Amino acid sequence: MLNTIIQIEPWIDESELRELQRVIAATFLVEHELTKEFEGMTAELTGSKHAVAVCNGTLGIYICLKVLGIGEGDEVIVPNLTFVATANAVILAGATPVLCEIREDTFCLDVSRAETLLTNRTRAIIPVHLYGQSADLTVIGDFAERHGIKIVEDAAQGAGVKFNGKHVGTFGEMGILSYYGNKTITCGEGGVILTNDDNLAKAAYRLKNHGRDRKGVFIHESIGFNFAFTELQAAVGIAQTRKLPAIVNKKRAIHDRYVNELQGLKNFRPTFVDSRCEPVFWFTSFLCDEAEELSAFLRAQNVQTRRFFYPLHRQPCYSDRKHVRGIEADFSISDAVYRRGISLPSSFGLTCEEQSQVIEQIRRFYASRD
Ligand SMILES: Cc1ncc(COP(=O)(O)O)c(C=O)c1O
């Protein structure tokens with residue numbers, strides 16, 4: 001029996017172990033020096049003035065919304081095709097996510113459709129940089145400015161991704177990265193809030209630290225909670241951030257090989273890349289008419305794939321229409337992209353032989369249908 005070819009797994013080795021040993025030697029596990037080091041590296045990577053580490057990306061979005069004063073009675077525009085956490089963080093903040101159709105090419109929010117979603121309660125828009133590509137931050141920036149609303153970028157999948165030469169997550173008032181286990185770089189769980197605004201950074205830190213500006217004091221200026229990071233996560237995050245350039249290069253090579261060797265298959269086409277975007281091919285994805293059959297065929301050959309995110313307007317958790325606005329709109333693009341999308345094995349550790357097997361099986365699948 002052949003080993004399963006995994007769709008995505010992190011690159012973890014002695015580099016992480018070495019950093020973890022520093023934590024064990026220091027016997028100090030709660031966020032401290034290594035967390036500062038990790039935050040500094042992330043600020044440098046992204047060009048953001050501030051980088052505030054938090055326990056995960058979902059709560060990162062929640063914190064951004066709260067420190068921007070967004071909550072009960074407010075509306076926030078989100079793309080209809082995203083991981084559910086984007087919208088749920090808005091709900092957690094007490095506001096209402098308003099679903100916006102995506103673009104057919106980038107799969108990111110289509111701002112031209114957002115105009116009609118505006119009400120006098122709209123306070124923010126959350127562009128999501130999906131599958132390692134960037135949303136069109138130029139038009140989103142114009143839109144937000146014209147309507148006086150904030151931008152909170154969900155760059156959960158965006159480590160290393162740039163738009164017009166600038167790292168995603170740094171265009172709006174605030175943005176977040178996720179370091180969940182399947183991301184391009186990971187801490188297992190983790191998130192980083194990005195902002196250039198000193199006051200917002202301070203407020204974000206306070207909210208994640210029981211409403212105080214530093215640890216070890218017990219007079220609390222505001223109500224806050226515990227969304228802290230740990231030194232263990234920071235240790236892994238430091239090693240992972242150092243590996244990012246190598247991971248990005250390898251993922252590009254994986255992507256380019258799939259695209260080269262699978263070209264010409266009928267109705268099987270790679271995803272579009274906006275020329276202003278420097279993507280990170282977190283996943284290499286294709287669109288095809290028979291994504292489900294192909295996925296089942298590959299599974300039977302021990303090749304894991306992943307289908308695209310289930311559009312939010314179809315999520316059972318929103319079917320009562322109490323928490324999310326805009327469900328009844330026409331989301332035929334989201335539906336088509338969901339139905340047609342398939343992500344292939346794309347891990348840093350994917351070997352040349354494994355990739356050959358995936359390519360051969362996909363060719364076999366199409367040959368059998370000719
Ligand atoms: C687009 C998107 N938004 C938000 C999140 C939530 O991040 P986390 O898992 O770190 O809470 C994720 C991934 O997990 C994501 O892919």
Side-chain angles (χ1 to χ4, degrees), residues 7-10 38-39 42 51-66 76-93 97 99-100 102-103 106-109 124-135 137 140 151-161 163 168-169 172 174-194 204 207-208 225-230 232-234 236-237 240-241 271 279-283 285 306-312 315 317-318 324 334 337-338 341 343 346:
Q7 195 269 323
I8 203 79
E9 59 186 346
F38 171 66
E39 289 174 332
T42 311
V52 181
V54 292
C55 51
N56 59 56
T58 308
L59 289 167
I61 300 171
Y62 164 83
I63 293 170
C64 293
L65 295 169
K66 291 318 281 185
V76 177
I77 298 172
V78 302
N80 187 46
L81 196 84
T82 179
F83 181 56
V84 72
T86 313
N88 284 345
V90 176
I91 294 171
L92 187 63
L99 306 183
C100 182
I102 55 157
R103 289 177 58 99
T106 59
F107 316 145
C108 295
L109 194 144
I125 184 164
I126 306 187
V128 178
H129 306 297
L130 211 64
Y131 296 123
Q133 308 234 21
S134 166
L137 291 158
I140 292 170
I151 299 174
V152 174
E153 288 176 71
D154 180 343
Q157 304 171 6
V161 179
F163 182 79
V168 296
M174 305 186 87
I176 65 104
L177 302 173
S178 165
Y179 288 79
Y180 178 66
N182 68 4
K183 297 295 185 283
T184 305
I185 49 175
T186 179
C187 308
E189 295 279 359
V192 173
I193 294 172
L194 305 173
L207 189 57
K208 76 163 229 190
F225 306 98
N226 182 4
F227 304 133
F229 208 58
T230 69
L232 298 161
Q233 287 165 289
V236 176
Q240 288 275 298
T241 306
T271 52
V280 169
F281 294 104
W282 174 46
F283 291 179
S285 302
R306 216 175 96 165
R307 300 299 311 284
F308 279 19
F309 291 112
Y310 197 47
L312 297 187
Q315 292 289 356
C317 58
Y318 302 143
V324 172
S334 306
V337 168
Y338 164 69
S343 302
S346 311

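Note that ligands are numbered from 1 as they come in the structure, with each ligand's atoms numbered from 1 the same way. Quick caveat, the model's predicted, so the values are computed rather than measured.
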Approximate separation, where rounding is to 0.5 Å, of [X] [atom1] and [Y] [atom2]:
| X | Y | atom1 | atom2 | answer |
| --- | --- | --- | --- | --- |
| F309 | S334 | CZ | OG | 13.0 Å |
| L312 | C100 | CG | SG | 11.5 Å |
| I102 | N80 | CD1 | CG | 7.5 Å |

Proximity to ligand 1 by part of T58, non-hydrogen separation under 4.0 Å: both

Does ligand 1 have an atom that lies less than 4.0 angstrom from a heavy atom of G190? yes

For atom 4 (C) of ligand 1, state which one of V54, T82, D154, N56 supplies the nearest heavy atom. D154

At less than 4.0 angstrom from any non-hydrogen atom of [X], what atoms of ligand 1 do you find?
| X | answer |
| --- | --- |
| F83 | 2 (C), 5 (C), 12 (C), 13 (C), 14 (O), 15 (C), 16 (O) |
| K183 | 12 (C), 13 (C), 14 (O), 16 (O) |
| A156 | 2 (C), 3 (N), 4 (C), 5 (C), 12 (C), 15 (C) |
| V128 | 1 (C) |
| Q157 | 1 (C), 15 (C), 16 (O) |
| S178 | 7 (O), 8 (P), 9 (O), 10 (O) |
| A85 | 4 (C), 5 (C), 6 (C) |
| T86 | 3 (N) |

Looking only at protein heavy atoms, which one is nearest to atom 9 (O) of ligand 1, and what is the separation? Y180 CB, 3.7 Å

Looking only at non-hydrogen atoms, find the nearest pair between C64 and I176 and report the distance. SG-CG2, 3.8 Å

Tell me the closest heavy-atom pair linking N56 and L59, and the distance in Å. OD1-N, 2.8 Å

Can you confirm whether more than 12 heavy atoms, excluding those of Y180, are under 6.0 Å from its OH atom? no

Would Y318 and N88 count as having a side-chain donor-acceptor pair, cut-off 3.5 Å? yes

Looking at F38, is its backbone amide N or carbonyl O close enough to the side chain of T42 to form a donor-acceptor pair, meaning the two atoms are under 3.5 Å apart? yes

